[in-house]
Amino acid sequence: LEVRLREDPHVSAAAAITGKHNYRVTALHRDMAEANAWFRALLTEPAVIDGVLLFCRPIIERRHYAQALLAAEDRSDPA
């Protein structure tokens with residue numbers, strides 16, 4: 001599954017998580033129909049038992065924001 005997610009051009013982020021599901025996947029699609037078709041195809045993967053499809057409308061996207069903060073902290077750390 002992880003190889004499929006890495007190779008999927010729709011997947012913008014994927015993370016292994018704890019809880020009911022093992023992964024949190026963020027995928028970008030043109031419309032809901034395309035997202036639904038993509039999700040149905042994902043559910044056919046042998047490693048996928050079930051999943052939940054959620055739609056969101058981003059309010060704020062801070063790409064690389066955390067990386068920039070961590071890099072700034074590393075530069076100020078005298079150790």
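Taken to the nearest 0.5 Å, the CZ atom of Phe39 stands 11.0 Å off from the OG1 atom of Thr44. Here Ile17 contributes atom CD1 and Tyr23 contributes atom OH; the two are 10.5 Å apart, rounded to the nearest 0.5 Å. To the nearest 0.5 Å, the span separating OG on Ser12 from NE2 on His29 amounts to 9.0 Å. Between atom CZ of residue Phe55 and atom CG of residue Asp31 there is a gap of 9.0 Å, rounded to the nearest 0.5 Å. Atoms CZ and OG1, on Arg24 and Thr18 in that order, are 13.0 Å from each other to the nearest 0.5 Å. For the atom pair CZ (Arg30) and CG (Leu28), the distance works out to 12.0 Å, reported to the nearest 0.5 Å.
Put simply, the side chain of Asp8 never gets that close to the backbone of Arg4: no donor and acceptor are under 3.5 Å apart.
The local environment of CD1 in Ile49 is sparse, with at most 12 non-hydrogen atoms from other residues, nucleotides or ligands closer than 6.0 Å.
In this structure, Leu53 and Ala35 approach most closely via the heavy-atom pair CD2-O, 4.3 Å. Nearest heavy-atom pair, Gly51 versus His21, reported as atom, atom and distance to 0.1 Å: CA-NE2, 3.9 Å. Leu5 and Val11 get closest at one heavy-atom pair: O-CB, 3.6 Å. Shortest non-hydrogen contact noted between Leu42 and Val48 is O-CG2, 3.5 Å.
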Side chain to side chain contact (heavy atoms under 4.5 Å, CB included) between Leu1 and Val3, worked out
CA-CA 5 Å; Leu1 178 62; Val3 170; over 6 Å; no
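A continuous path of hydrophobic side-chain contacts links Met32 to Trp38 [ILVMFWY only; heavy atoms under 4.5 Å].
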